[in-house]
Amino acid sequence: MTAAPAPLRIGYCLSLTGSLADNSRSARLAHEIWREDVNGRGGPLGRPVEFVRHDDQGNADVVSGSTRFPGSTSG
């Protein structure tokens with residue numbers, strides 16, 4: 001039995017709360033539509049796409065401290 005391929009995790013900041021949350025709603029919807037479409041066709045290189053979103057709360061100070069997400073492997 002072959003193990004399922006590891007997901008391709010894409011991390012980014014988005015204002016999910018705070019004063020800019022309404023502006024981010026359409027972007028989040030577009031990301032989900034894209035992910036569902038790509039995963040429905042087998043995913044890139046046969047790997048499912050997962051998003052790791054960081055809520056920046058519409059605050060630039062939060063963004064500057066979030067260049068590393070939990071589980072990220074970049075330095």
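This is a predicted model, so every value here is computed, not measured. The analysis underlying the following values was restricted to heavy atoms, covering all of them including side chains, and did not include hydrogens, waters or symmetry mates.
Proximity of a side-chain donor or acceptor of S24 to a complementary backbone N or O of S15 within less than 3.5 Å is detected. A donor-acceptor pair under 3.5 Å links the side-chain atoms of D55 to the main chain of T17, judged by distance alone.
V38 places a side-chain heavy atom less than 4.5 Å from the side chain of P44. Side-chain contact between I10 and V49: present, with at least one pair of heavy atoms (C-beta onward) separated by less than 4.5 Å. With a 4.5 Å cut-off on side-chain heavy atoms, R9 and F51 do not count as touching.
In this structure R28 satisfies the salt bridge (Lys or Arg N to Asp or Glu O under 4.0 Å) test with no other residue, sequence neighbours excluded. Shown here are the salt bridge (Lys or Arg N to Asp or Glu O under 4.0 Å) partners of R47, two or more places apart in sequence or in another chain: there are none. For the side-chain hydrogen bond (donor to acceptor under 3.5 Å, both in side chains) test, no residue two or more places apart in sequence or in another chain qualifies with E36.
Nearest heavy-atom pair, S26 versus N23, reported as atom, atom and distance to 0.1 Å: OG-O, 3.9 Å. Summarising the geometry of G46 relative to P5, their closest heavy-atom pair is O-CG, 3.1 Å, with the distance given to 0.1 Å.
A continuous path of Ile, Leu, Val, Met, Phe, Trp and Tyr side chains, each step under 4.5 Å between heavy atoms, connects W34 with L14, placing both in one hydrophobic cluster.
In this structure, the separation between OH on Y12 and CZ on R53 is 3.5 Å, given to the nearest 0.5 Å. For the atom pair CG (L16) and CZ (R25), the distance works out to 10.5 Å, reported to the nearest 0.5 Å.
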